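As structure tokens, the structure follows; a few thoughts come after it.
Order of listing sets the numbers, starting from 1, for every ligand and every atom in it. Remember, it's a predicted structure, so these values are computed and weren't measured experimentally.
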Amino acid sequence: MTCESICIRIRFALPGVEHCRINLKMQIFTVVYLLGLSLALQNVHCFFVDTAAHPKENSTKRKHKSDDGPVVVKIELGQSLNTISPHFVGVNIDSDTVRYHWQTLDFSSQKLQNLARALSPSYLRMGGTSADGMNYFMGNATAAGTQVFNAGHHVAKPPFNITADQWVYLNEFLRTVSWDFIFDLNALKRNADGSWDPDNARQLLQFSADRNYTIAGFELGNEFDIYRSEYDVTVAPAQLAQDVMTLQKLLTEFPKYKSSFIIGPETAYFAPEYFQAFLAAGGYKAVHAASFHHYYLMTDEERNLQHFTDIDMMDTMKAHLDEVFAEVRSVDPQLPVWLSETSSANNGGLAGLSDAFVAGFLWLDKLGVCAVKGVETVMRQAFYGRDYSLVDGDLNPNPDFWLTVLYKRIVRGAVFNATGRHDVRVYAACANTDNFKAGSLVVYMLNPNNYSVTFDLPQFQSQSRLVYSLTPGDSNGLISKFVSLNGVKLELVNDELPDLKPESAPPGVVTMDPYSYIFVVFPEAKISICLH
Ligand SMILES: *[C@@H]1O[C@H](CO)[C@@H](O)[C@H](O)[C@H]1NC(C)=O
Ligand SMILES: *[C@@H]1O[C@H](CO)[C@@H](O)[C@H](O)[C@H]1NC(C)=O
Ligand SMILES: *[C@@H]1O[C@H](CO)[C@@H](O)[C@H](O)[C@H]1NC(C)=O
Ligand SMILES: *[C@@H]1O[C@H](CO)[C@@H](O)[C@H](O)[C@H]1NC(C)=O
Ligand SMILES: *[C@@H]1O[C@H](CO)[C@@H](O)[C@H](O)[C@H]1NC(C)=O
Ligand SMILES: *[C@@H]1O[C@H](CO)[C@@H](O)[C@H](O)[C@H]1NC(C)=O
């Protein structure tokens with residue numbers, strides 16, 4: 001086991017409280033306390049042990065400080081580790097949005113469309129817990145099927161309708177902004193024998209095919225590994241694999257969707273048993289990619305400013321992905337891996353942090369690690385909705401929106417192995433040839449420290465470069481609601497994005513401000529792997 005601490009995870013069936021993880025030393029107290037609480041309130045649904053990688057309790061003290069001299073960066077340019085595709089970074093809009101936030105999400109807003117278009121090409125996944133309570137009423141209320149949930153229990157998220165108008169509105173928006181849709185179908189429509197009932201999904205597909213809506217991919221259900229606590233329903237992994245095959249068959253009924261892909265099993269965490277059992281039961285043959293969700297900050301102890309720049313926290317992702325790949329590879333040597341729902345803090349994020357400049361550290365590092373490890377697609381929770389969104393409730397961009405746009409514009413193609421030093425992060429890849437000449441390299445780096453750091457890149461010492469340096473957009477520092485690019489605060493101008501121009505810099509070392517991240521493009525690098 002690579003886990004560093006075993007935690008007990010308690011989920012409450014209380015709206016708004018999703019994942020509570022409590023340390024080992026709290027276990028006995030917690031179990032006793034919660035047993036009492038559950039008797040008193042009847043809202044504790046399950047307990048389970050989490051063995052996911054978790055930073056050490058006794059976190060390693062920083063080995064480095066400001067006077068340690070330059071970080072020497074070495075990049076292995078002869079060999080590419082993986083490839084970043086134009087669709088590497090995608091976004092989510094939670095199915096909850098249809099239920100709770102539909103009124104405020106104005107798809108007809110020119111501003112919103114401009115923001116969305118800036119991220120294109122991109123997948124938009126609509127999924128989440130509410131996907132499993134969503135009925136499709138496409139002008140025909142007779143065939144919604146049986147929604148399975150235990151009505152005797154407190155159900156946090158009862159079933160609701162998406163109407164034809166809402167579906168049309170959403171699909172027309174996606175068409176307008178050229179996003180590629182991935183839709184999470186309700187897996188809790190079930191027949192008496194426990195198998196998935198595809199009738200309501202069929203209605204939705206027929207309605208969509210009639211309007212020629214392109215749907216790139218589908219999922220069936222959400223976070224099956226923790227269904228019990230949301231809906232008091234269990235769907236065994238082997239059953240889910242069967243259901244996904246039923247979905248695969250359903251898609252063949254529609255010429256428009258017969259080549260759409262399916263991803264799964266969409267587990268809440270990388271839940272080793274569920275994941276493995278799903279794949280082994282034949283799920284791997286039915287899905288284009290094995291998919292799971294990930295959040296760094298889940299316990300009260302973790303959900304604070306300090307952990308947003310914590311290198312040990314960032315390191316957990318590497319171990320986590322190694323485990324995921326080991327499992328997927330044990331079943332299928334080729335199957336892609338997708339991180340289909342992910343953000344810094346779970347449960348809606350953390351107001352003032354996951355929507356602030358500081359959120360960029362865990363986000364950019366996650367993109368870097370995923371690219372190195374070979375994750376095919378990473379979908380940010382969320383484009384819109386709650387505190388981890390790229391776009392806020394007034395449809396204004398948060399700092400991570402700008403970071404995501406820059407990443408998509410700058411980074412694309414082969415990924416290289418870059419090494420630096422333990423207190424910083426360094427990643428390298430081909431620069432996007434849509435915006436830079438073929439052969440260009442980008443090195444992107446994070447300095448999550450309160451001291452400035454100088455980087456020495458001996459391989460590019462004598463080359464000029466284009467720099468995109470990102471720092472807090474105002475005097476609020478890490479918790480700034482804004483980000484500056486090369487010292488200029490980024491804001492929309494008449495609802496349009498400004499030019500996101502780099503600064504030309506002479507050859508030499510690269511010095512990074514405390515708490516900053518940077519993209520450095522070498523247009524003259526002529527890296528042979530980046531030439532074609
Ligand atoms: C915590 O770290 C210190 C310093 O490295 C070490 O001396 C100590 O033994 C560690 N404690 C535990 C419980 O691991
Ligand atoms: C409504 O659904 C039922 C059952 O699938 C079907 O027989 C009927 O033709 C549908 N009606 C309309 C108006 O689409
Ligand atoms: C969904 O729509 C149907 C048909 O209009 C209606 O009978 C049903 O009550 C609605 N359900 C909810 C939860 O609104
Ligand atoms: C339907 O969509 C496809 C692909 O998006 C497009 O090529 C085709 O022309 C469309 N057909 C109609 C009838 O609009
Ligand atoms: C990257 O380079 C480092 C240092 O040379 C090495 O330890 C590591 O295994 C390499 N990683 C990959 C994925 O090749
Ligand atoms: C940087 O952080 C260290 C350790 O947290 C602290 O001791 C030091 O005073 C800080 N330096 C600055 C310039 O804030």
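Interface of Asn417 with ligand 5, defined as ligand atoms under 4.0 Å from a residue heavy atom, comprises 1 (C), 2 (O), 3 (C), 8 (C), 10 (C), 11 (N), 12 (C), 14 (O). Listed by atom number, the atoms of ligand 5 under 4.0 Å from Thr419 heavy atoms are 2 (O), 3 (C), 4 (C). Applying the 4.0 Å criterion to heavy atoms of Glu76 picks out, from ligand 5, the atoms 1 (C), 2 (O), 5 (O).
Contact annotation: the side chain of Ser122 approaches that of Lys408 to within less than 4.5 Å [non-hydrogen atoms, C-beta and beyond]. Residues Ser330 and Gln276 form a side-chain contact, since some pair of their non-hydrogen atoms from C-beta on lies under 4.5 Å apart.
For atom 9 (O) of ligand 4, no protein heavy-atom neighbour is present inside the 4.0 Å cut-off. By the definition of a contact as any protein heavy atom under 4.0 Å away, atom 14 (O) of ligand 4 is in contact.
Judged purely by distance below 3.5 Å, without hydrogens or angles, the side chains of Asp106 and Ser108 pair a donor atom with an acceptor atom. Side-chain contact of Trp179 with Ser120: a donor-acceptor pair under 3.5 Å is absent, judged by distance alone.
Between Trp363 and Tyr388, the distance separating the two ring centers is not shorter than 6.0 angstrom.
For Lys74, no nitrogen or oxygen atom sits less than 3.5 Å from a nitrogen or oxygen atom of ligand 5, counting backbone and side chain alike.
Distance from atom 2 (O) of ligand 4 to its nearest protein heavy atom, with residue and atom name: Asn212 ND2, 2.5 Å. For atom 4 (C) of ligand 6, the closest non-hydrogen atom on the protein side is Asn450 ND2, 4.6 Å. The single protein non-hydrogen atom nearest to atom 5 (O) of ligand 4 is Thr214 OG1, 3.4 Å, given as residue, atom name and distance.
Between Phe218 and Tyr257, the ring-plane angle classifies as perpendicular under the 30° and 60° cut-offs.
The part of Lys256 lying near ligand 4 is the side chain, judged by heavy-atom distances below 4.0 Å.
Remark: Arg211 is positioned above the aromatic ring of Phe207, its terminal NZ or CZ atom under 6.0 angstrom from the ring centre and at most 45 degrees off the axis.
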